[in-house]
Undergrad: 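Structure below; questions to follow.
Chain letters run A, B, ... following the sequence lines, proteins first and then strands; every chain starts at 1.
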Amino acid sequence: MLDFLSQPWPWYIAGPLIGLVVPALLFLGGKQFGVSANLRHLCAATIPGPVEFFKYDWKKSGLWNLTFVLGVVIGGFIAHTLLFNPDPIAISEATKADLTGLGLTDLNGLVPKEVFSWSGLLTLPGFVLIVGGGFLVGFGSRYAGGCTSGHAISGLADLQLPSLIAVVGFFIGGIIATFVLLPLIF
Amino acid sequence: MHQTVETPTVEKGKAASSRDGETGRKPGLFWYLILGIYFGIVLTKSEAISWFRIQEMFRFQGIHMYGMIAGALAVAALSVAIIKKRRARTIYGEEIYIPPKEMGKGFRYGVGGIIFGLGWALLGACPGPIFALIGNGVLVMFVALASAVVGTWVYGYLRPRLPH
């Protein structure tokens, strides 16, 4: 059983399983699925400073969601230990060729270790991808009012036009970063 | 300044807030933890937390991420449609209300979305996967998380001056 579950899960199984989180949260407590709201709760909890945007009762509105992402960390740990799969991710040959062309040599694991590691953080590409990418994810998700879970899944599922605009924006940004920024960074 | 959908619901009832947990029945935090664990496992085993998969997606070289998002969306959309049509209630009998997102000028969605997309492709992870990767032992993602919190803080600080 564990061996079977340790294989990579195909998209047509994993996709619907992710979709189920939306009704589960609604039935449980009428909550909206959205992970990036936690970044705001973390600001409110730690460094609200003089900023009006962070002056609210984060425990009341966000403790459920912070608990949810604590679960996500634990779930990642369980998947990494009990359901570990040592094989490289089966991305397409074309992607492998493009990434090798960028200069990446190790395509094993979940992330390229030469960049996403403590030693990689001290290199220019590592710093830009981790610190720069993280900053843009935080700034952009709050500016757009949501991230992949809040807009691309919950928002689109509720047929909200703002979410469609946001998702189109996600892809414009992603394409620019992939085809323009990455070749400059590496 | 535009108040928007993400303003936590708490702000309208501050006065009555402190004892709220004792007035009505609510699901314990335990169940949110369980749901989070479920989400973290699915995110990991689906490889959606992989920088490589995100690259494959933005290069339009594979169906994996698109199929997954479409599958998630189909199940979520069908569920939301049924919940709205039947006026379903939570397991504690409370009404389920999904607030519409305020369109305004729509500027924030386009520009904010592009900024988020830039970060998503560089980091290879959106907020959910950042947490799942930490669980997977990619501990340098703590730095990405801290940077994302700083990015959120800077947005909050600049918010009154940014066009929405």
Side-chain angles (χ1 to χ4, degrees), chain A residues 9 11 14-19 22-23 28-30 35-36 39 42-43 51 53 57 60-61 64 67-69 71-73 75-77 79-80 89 91-92 94-95 110-111 129-131 133-144 147-148 157 160 162 165-166 169-170 173-174 177-178, chain B residues 6 8 10 27 29 32-33 36-37 39-42 44-47 50-52 56 58 61-62 64 67-68 71-72 75-77 79-80 90 96 101 109-110 112-119 121-123 126-128 131-132 134-136 143-144 147-149 151-153 155-157 159:
Chain A
W9 299 3
W11 58 263
L17 289 178
I18 287 175
V22 170
L28 190 57
V35 177
S36 67
L39 302 174
L42 287 173
C43 286
V51 180
F53 191 59
D57 186 351
K60 184 156 189 288
S61 58
W64 73 269
T67 309
F68 178 82
V69 291
V72 175
V73 175
F77 179 76
H80 184 68
I89 307 259
I91 50 170
S92 72
T95 310
L110 290 166
V111 295
L129 266 55
I130 295 166
V131 178
F135 184 92
L136 294 172
V137 162
F139 186 96
S141 61
R142 212 67 270 121
Y143 199 175
C147 59
T148 322
Q160 304 246 2
I165 298 171
F170 294 172
T178 298
Chain B
E6 66 190 345
V10 52
L29 288 175
Y32 293 111
L33 187 72
I37 291 173
F39 185 52
I41 292 174
V42 181
T44 302
K45 294 316 295 176
S46 68
E47 302 174 341
S50 168
W51 189 89
F52 299 115
E56 185 186 53
F58 281 128
Q61 290 166 333
H64 187 89
M68 199 158 72
V75 167
S79 315
V80 169
T90 70
I96 294 177
K101 297 185 197 302
Y109 300 109
I114 290 172
I115 295 171
F116 174 79
L118 290 168
L122 293 178
L123 186 63
C126 43
F131 290 101
I134 290 172
N136 271 272
V143 177
S147 194
V149 170
T152 301
W153 195 91
Y155 165 74
Y157 183 75
R159 189 169 193 262

Undergrad: With only heavy atoms counted, which part of A:Val22 is less than 4.5 Å from chain B, the side chain, the backbone, both or neither?
TA: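 Side chain only.
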Undergrad: Does any backbone or side-chain atom of B:Leu33 lie under 4.5 Å from a heavy atom of chain A? Answer side chain, backbone, both or neither.
TA: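 Backbone plus side chain of B:Leu33, per the 4.5 Å heavy-atom cut-off to chain A.
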Undergrad: Quick one: pull up CZ in A:Phe135 and CH2 in B:Trp153 and give me the separation to the nearest 0.5 Å.
TA: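 One finds 10.5 Å between CZ of A:Phe135 and CH2 of B:Trp153.
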Undergrad: Working to the nearest 0.5 angstrom, can you tell me the gap between B:Phe116 CZ and A:Ser36 OG?
TA: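 Here the rounded value is 7.0 Å.
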Undergrad: What is the minimum heavy-atom distance between B:Lys101 and A:Gln160, and which atoms define it?
TA: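 Result for this residue pair: N-OE1, 2.7 Å.
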Undergrad: Check B:Gly135 against A:His80 and note the closest heavy-atom contact, atom names and distance.
TA: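 It is O-CB, 4.3 Å.
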Undergrad: Under a 4.5 Å cutoff for heavy-atom pairs, which residue among B:Phe52, B:Phe131, B:Phe39 has the most contacts with chain A?
TA: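 Heavy-atom pairs under 4.5 Å are most numerous for B:Phe52.
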Undergrad: Under a 4.5 Å heavy-atom cutoff, which of A:Thr95, A:Leu17, A:Val69 has the most pairs with chain B?
TA: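 Winner by heavy-atom pair count: A:Thr95.
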Undergrad: To the nearest 0.5 Å, how far apart are CH2 in A:Trp9 and CD1 in B:Ile41?
TA: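 Taking CH2 in A:Trp9 and CD1 in B:Ile41, the distance rounds to 6.5 Å.
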Undergrad: Flag the pair A:Phe53 / B:Tyr157 as yes when at least one side-chain heavy-atom distance between them is below 4.5 Å, and no otherwise.
TA: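 The answer is no, as the side chains (C-beta and beyond) never meet within the 4.5 Å cut-off.
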Undergrad: Could you have a look at B:Gly156, B:Cys126, B:Gly151 and say which one has the most heavy-atom pairs with chain A under 4.5 angstrom?
TA: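 Max contact count across the listed options: B:Gly151.
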Undergrad: Can you tell me how far CZ of A:Phe139 sits from OG1 of B:Thr152, rounded to the nearest 0.5 angstrom?
TA: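 If we round to the nearest 0.5 Å, B:Thr152:OG1 and A:Phe139:CZ are 9.5 Å apart.
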Undergrad: Checking heavy atoms, do the side chain of A:Val51, its backbone, both or neither come under 4.5 Å from chain B?
TA: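 For A:Val51, the side chain is the part near chain B, not the backbone.
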Undergrad: Can you name the closest pair of heavy atoms from A:Ser92 and B:Glu56 and give their distance?
TA: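 So the minimum-distance heavy-atom pair works out to N-OE2, 2.8 Å.
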Undergrad: Name the option with the most non-hydrogen atom pairs under 4.5 Å to chain A; the candidates are B:Ser46, B:Ala77, B:Ala121, B:Gly62.
TA: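 With the most close heavy-atom pairs to chain A, the winner is B:Ala77.
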Undergrad: Would you mind telling me which of B:Ala144, B:Gly110, B:Ala72, B:Ser50 has the largest number of heavy-atom pairs within less than 4.5 Å of chain A?
TA: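 Top option by heavy-atom pairs under 4.5 Å: B:Ala72.
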Undergrad: Select, from A:Val72, A:Ile165, A:Leu136, the one with the greatest count of heavy-atom pairs under 4.5 Å involving chain B.
TA: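 Between A:Val72, A:Ile165, A:Leu136, the count favours A:Val72.
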Undergrad: Heavy atoms only, distances under 4.5 angstrom: which of A:Ile130, A:Leu42, A:Thr148, A:Leu28 has the most pairs with chain B? Name it, please.
TA: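 Max contact count across the listed options: A:Leu28.
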Undergrad: Does any non-hydrogen side-chain atom of B:Leu29 lie less than 4.5 Å from one of A:Trp64?
TA: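 Side chain of A:Trp64 against side chain of B:Leu29, heavy atoms only: contact under 4.5 Å found.
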Undergrad: Hey, does the side chain of A:Thr178 reach the backbone of B:Phe58 with a donor-acceptor pair shorter than 3.5 angstrom?
TA: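 Here the side-chain-to-backbone pair does not exist.
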Undergrad: Can you tell me how far apart CD1 (A:Ile91) and NE2 (B:His64) are? Round to the nearest 0.5 Å.
TA: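 Rounded to the nearest 0.5 Å, the CD1-NE2 separation comes out at 11.5 Å.
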Undergrad: In terms of heavy-atom pairs under 4.5 Å with chain B, which of A:Leu110, A:Val35, A:Leu39, A:Val131 leads?
TA: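 Greatest number of close heavy-atom pairs with chain B: A:Leu110.
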Undergrad: Can you tell which of A:Ala14, A:Gly71, A:Pro23 has the highest number of heavy-atom pairs within less than 4.5 Å of chain B?
TA: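 Highest number of heavy-atom pairs under 4.5 Å: A:Gly71.
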Undergrad: Kindly give the heavy-atom pair with the smallest separation between A:Gly133 and B:Leu122, and that separation in Å.
TA: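 That closest heavy-atom pairing would be CA-CB, 4.1 Å.
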Undergrad: Quick check: A:Phe68 with B:Tyr32 (ring centres under 6.0 Å apart)?
TA: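 No, the ring of B:Tyr32 stays outside the 6.0 Å limit from the ring of A:Phe68, centre to centre.
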Undergrad: Restricting to non-hydrogen atoms, name the atom on B:Val42 and the atom on A:Ile18 that form the minimum distance, rounded to 0.1 Å.
TA: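 Minimum heavy-atom separation between B:Val42 and A:Ile18: CG1-CG1, 3.6 Å.
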Undergrad: Go through A:Gly76, A:Ala166, A:Cys43, A:Gly30 and name the one with the most non-hydrogen pairs under 4.5 angstrom from chain B.
TA: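 Most heavy-atom pairs within the cutoff with chain B belong to A:Gly76.
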Undergrad: Taking atom CZ of A:Phe77 and atom CD1 of B:Ile134, what is their separation to the nearest 0.5 Å?
TA: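 These two atoms lie 14.0 Å from each other.
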Undergrad: Which heavy-atom pair separates A:Leu129 from B:Leu123 by the least distance, and what is that distance?
TA: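 Looking at all heavy atoms of both residues, the shortest contact is O-CD1, 3.6 Å.
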